[in-house]
Number of protein chains: 2
Amino acid sequence: MINAALQHAARQHDSHQAELFDFLRLPSISTDPAYAAPTAATADWLAERLTAAGLENVRVIPTARHPLVYADWLHAGPDAPTVLIYGHYDVQPADPLELWDTPPFEPQVRDDYVYARGAADDKGQVYIHVKAAEAYLRAAGRLPLNVKFLIEGEEEIGSANLRAFIPHNRDLLAADSALVSDSAILGPDRPALVYSLRGNCHVLLDITGPSRDLHSGTYGGSINNPLNALGHLLAKLKNEFGHVMIPGFYDRVRPLSLEERELLAQFPISETEWLAQTGAPALWGEPEYTLVERIGARPTLDVTGMWGGYIGEGSKTILPSAAHAKISMRLVPDQEPAEIAALFEQFVRDTLPPSVRATVRVGGGSRAALIDRDTPPMRAAAAAYETTFGRPPVFMREGGSIPVVTDFGDQLGLPTVLMGFGLPGDRIHSPNERFYLPNFHKGIETSIRYLALLAAQSAADPA
Amino acid sequence: MINAALQHAARQHDSHQAELFDFLRLPSISTDPAYAAPTAATADWLAERLTAAGLENVRVIPTARHPLVYADWLHAGPDAPTVLIYGHYDVQPADPLELWDTPPFEPQVRDDYVYARGAADDKGQVYIHVKAAEAYLRAAGRLPLNVKFLIEGEEEIGSANLRAFIPHNRDLLAADSALVSDSAILGPDRPALVYSLRGNCHVLLDITGPSRDLHSGTYGGSINNPLNALGHLLAKLKNEFGHVMIPGFYDRVRPLSLEERELLAQFPISETEWLAQTGAPALWGEPEYTLVERIGARPTLDVTGMWGGYIGEGSKTILPSAAHAKISMRLVPDQEPAEIAALFEQFVRDTLPPSVRATVRVGGGSRAALIDRDTPPMRAAAAAYETTFGRPPVFMREGGSIPVVTDFGDQLGLPTVLMGFGLPGDRIHSPNERFYLPNFHKGIETSIRYLALLAAQSAADPA
């Protein structure tokens, strides 16, 4: 069965790629209300492809915002395990558009990479598993185990509606393990399994002062300037070495054990490589932690956007009435997003002077995830990677967030495997996002092998 | 002659107002290249009006950017004095447009105020003198003294081209005193003579970090964020009490004498009034100086615009590649704009860490002006105000800048009179800028009287 599926996938290289490009042409930007219609259309497109792949019970499930797409194939027999395959069809905004070499929603191939928004995050990765399931169903008429697909349209905005859906749909989503491909490996031939994800807490901060923009000459020096006040606040939120200064922020952060620090120290990423990837003039961060620890094991606070006053051509001599900042805090186990948001708001209230006012709006949050590295699905994933890539995977902590992974554990009791196929230079969330096409095909092979290994584990050891 | 002119002006109230409204309809936004054509058209319109008023040698003088408008009437005889009347036809940008109650370039009258961008700054004020000169020429066929008009289109962007023009055109601009109406009085019946203006030094600051926007999860904590770095820099540039922290910034600032502090203490502006005007939650500024001193006698540093990262709807989890700020420093005597710009740039270089890079662009500057309060033109102005308003003027320091006033003194040796007709609530540089129309007409009367008094002074005391 597995060989028939692998052969089928090999024959379909071109059509698989063509379908992926169709997927990439759909501008499913979840955060921007202007893209609500194409985001819904993307869910419909995906449902059609799942149906065409031979999956059953295909449903586009409406939510308060962007729909979920569900499909399954449950004929492997009562003793066969069930895997819940999760991914997301929404993408980040594409701007700044002028920095793209080719338009973000017109996929183009250069040097084996396909360039498009969402290519690696996450359309290229989630589609791997759709094609792996299809290969089994077309070539063998069946899958070696039961499969459920759950693909959402709000991962880039915090997964609020999916997270509300899960506790009310435990039967629909019941499974033995979850599989998520939404991360990167270390290089084209260096597979990696992520065992930790950071959480997120997103806040919008508005600082207001005078009731209108004032003449900076007539009033400057006598009225506090919200932009200058924002500067002072930002300087107090995080010190210059990267340490967040909000009282209580680190209270729940688990100290890194010596064992884990040793494990992370083996992570094969060099500072030179990191600089080359980012183009930054120098590395930076909490001096008492290594580069790998700063990324994966420490919480952060970053301004993701900021604006106020006159930002057109030339100058305007005003004392602006308002300043705005979007702030993202990446969290580690066991920080609680709601608690962090409350601490943030309290700090803003305690810190700003009475000459300005502030509004804090919480834009959603998710807890960090820490996954047991020694579970049967993790061992199956390692074996599938090793057969396909010729090399065992390394274990790594990932600095990004996949909000729903914590819910799979807490709400559904599922161990999750984070089996990535992206590369570090994929520029996810940045202009010129790309995905390495040879690993799209290797991903389909890895998925085919993983599903067989999961099924075999269960047959060998019926728990 | 003076009575004939006053009577003529009184009869022309409606036509004067209608012409002012035509002037206000022209969107002469000097800072924005998109408005270059309407700005040039405004100069042409003004030249036509000066010709129609009976002035001679009317010229639209091209510069590297926006033209100067010149006109004169020089038939008062060799012993009569000459006054150089200066003003500007350019205006500030109108945005944020959504905060205007009526469109900025469609003047509308409500409660005796005309609402339009440039109504008070400076179209309404400069046009007063055009109509005063016209009143003499129409009613009496002559003026009591020689008059030269010099009206520029770059005051809101630093007057660079006019300031380059002055030293090469000393003969054209030769006069005995200068008259400028581009400031506010204290209330509808409370005239004021400004004897000090702040200077300005404008800089644009770009801070760059990574070569592209990065994923805030993957890279956050290991790469410095230019927006956070900008926050730290802003916090260091000016402390929370309003004290600028750039070394050397205050080196040339003259200490306020006890006498001047006593004079300023008599300035009839209350903190309550200042709060009402600005709508700010509280007053603010250097604690060791009074409100009036903070505005007029102390230099400041204000961010006038700031932007970076994702500023669209929703959120985008990026670590942005760049942060930008426009900064205006208001200067007092004897600060030198070029020196201040150099100190600013040095401070930025010394302060920013090696993990980000900065570019500082100097956007122009002007020195502060300090005017002798006891000169014959100042006495004539006080008398003209008192006759028209029934009350003598107070002397005040103005926080704003009129760059060319220092050049009138340094380059042309002219004492300048700053005879304002605006009101504190005119919202210059803000949405809903307005001008109090009764004072437009009183301004014309004041100007008619001032020109006669200047001429009489000279006749009484031929120096």
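Order of the sequence lines sets the chain letters (A, B, ...), proteins ahead of strands, with each chain counted from 1.
For the set B:Met306, B:Gln92, B:Glu313, the entry with the most heavy-atom pairs within less than 4.5 Å of chain A is B:Met306. Chosen from B:Ser315, B:Ala323, B:Gly314, the residue pairing most often with chain A at heavy-atom distances under 4.5 Å is B:Ser315. Of the listed residues (A:Gly305, A:Ala229, A:Gly309, A:Pro299), the greatest number of heavy-atom pairs within a distance under 4.5 Å of chain B belongs to A:Gly305. Between chain A and the residues B:Gly209, B:Pro33, B:Ser183, the largest count of heavy-atom pairs under 4.5 Å involves B:Gly209. Between chain A and the residues B:Thr300, B:Asp32, B:Ile311, B:Asp95, the most heavy-atom pairs under 4.5 angstrom are made by B:Ile311. Most heavy-atom pairs under 4.5 Å with chain B, from the set A:Pro96, A:Pro354, A:Pro210, A:Pro226: that is A:Pro210. Considering only heavy-atom pairs separated by less than 4.5 Å from chain A, the leading option among B:Pro93, B:Ser30, B:Pro320 is B:Pro93. Ranking A:His232, A:Arg427, A:Lys236, A:Glu398 against chain B, the residue ahead of the rest is A:His232, based on heavy-atom pairs under 4.5 Å. Contact count versus chain B (heavy atoms, under 4.5 Å) is highest, among A:Leu275, A:Val356, A:Leu233, A:Thr218, for A:Thr218. Residue with the most contacts toward chain B among A:Ser222, A:Gly400, A:Ala184, A:Gly279: A:Ser222 (heavy-atom pairs, distance under 4.5 Å). Of the listed residues (A:Asn432, A:Asn225, A:Val303), the one with the most heavy-atom contacts under 4.5 Å to chain B is A:Val303. Considering only heavy-atom pairs separated by less than 4.5 Å from chain A, the leading option among B:Leu204, B:Asn239, B:Leu230, B:Leu234 is B:Asn239.
Atom CG of A:Leu214 is separated from atom CD1 of B:Ile428 by 10.5 Å, given to the nearest 0.5 angstrom.
For a residue to count as touching a neighbouring chain, one of its non-hydrogen atoms must lie under 4.5 Å from one of that chain's; by this rule A:Ser216 touches chain B with backbone and side chain alike. For A:Glu240, the parts lying near chain B are the backbone and the side chain together; criterion is any non-hydrogen pair under 4.5 Å. Heavy atoms closer than 4.5 Å to chain B are found in the backbone of A:Pro424, but not in its side chain. Both the backbone and the side chain of A:Thr31 come within less than 4.5 Å of a heavy atom of chain B. With a threshold of 4.5 angstrom between heavy atoms, A:Leu319 approaches chain B through side-chain atoms but not through N, CA, C or O. The contact between A:Asn200 and chain B is made entirely by side chain atoms (from C-beta outward), counting heavy-atom distances below 4.5 Å. Proximity to chain B involves both the backbone and the side chain of A:Lys238, based on heavy atoms less than 4.5 angstrom apart. Interface remark: A:Leu99 contributes no atoms to any contact with chain B (heavy atom separation under 4.5 Å). Heavy-atom distances place both the backbone and the side chain of A:His215 under 4.5 Å from chain B. With a 4.5 angstrom heavy-atom cutoff, A:Pro353 does not touch chain B via any of its atoms.
Between A:Gly231 and B:Ala235, the closest heavy-atom pair is O-CB, 4.0 Å. Residues A:Thr304 and B:Leu227 approach most closely at C-CD1, 4.0 Å, considering heavy atoms. Pairing each heavy atom of A:Gln277 with each of B:Tyr219, the nearest pair is OE1-OH, 2.7 Å.
Looking only at distances, a side-chain donor or acceptor of B:Arg198 sits under 3.5 Å from a matching main-chain atom of A:Gly217. Distance alone, capped at 3.5 Å, places no donor-acceptor pair between the A:Ser355 side chain and the B:Pro281 backbone. In this structure, the side chain of B:Lys326 does not engage the main chain of A:Thr317 through any donor-acceptor pair within 3.5 Å. Without hydrogens or angle criteria, B:Asn224 side chain to A:Gly285 main chain gives no donor-acceptor distance under 3.5 Å.
Residues passing the ring pair (Phe, Tyr, Trp, His ring centres under 6.0 Å) test with A:His324 are A:Trp307, sequence neighbours excluded.
Against chain B, the residues from residues 289-298 of chain A that qualify, each with a non-hydrogen atom under 4.5 angstrom away, are A:Leu291, A:Arg294, A:Ile295 in number order.
Among A:Leu301, A:Ile327, A:Leu237, the single residue meeting the side-chain contact (heavy atoms from CB on, under 4.5 Å) criterion with B:Asn228 is A:Leu301.
Counting heavy-atom neighbours within 6.0 Å of B:Phe241 CZ, excluding the residue itself, gives a total of 12 or less.
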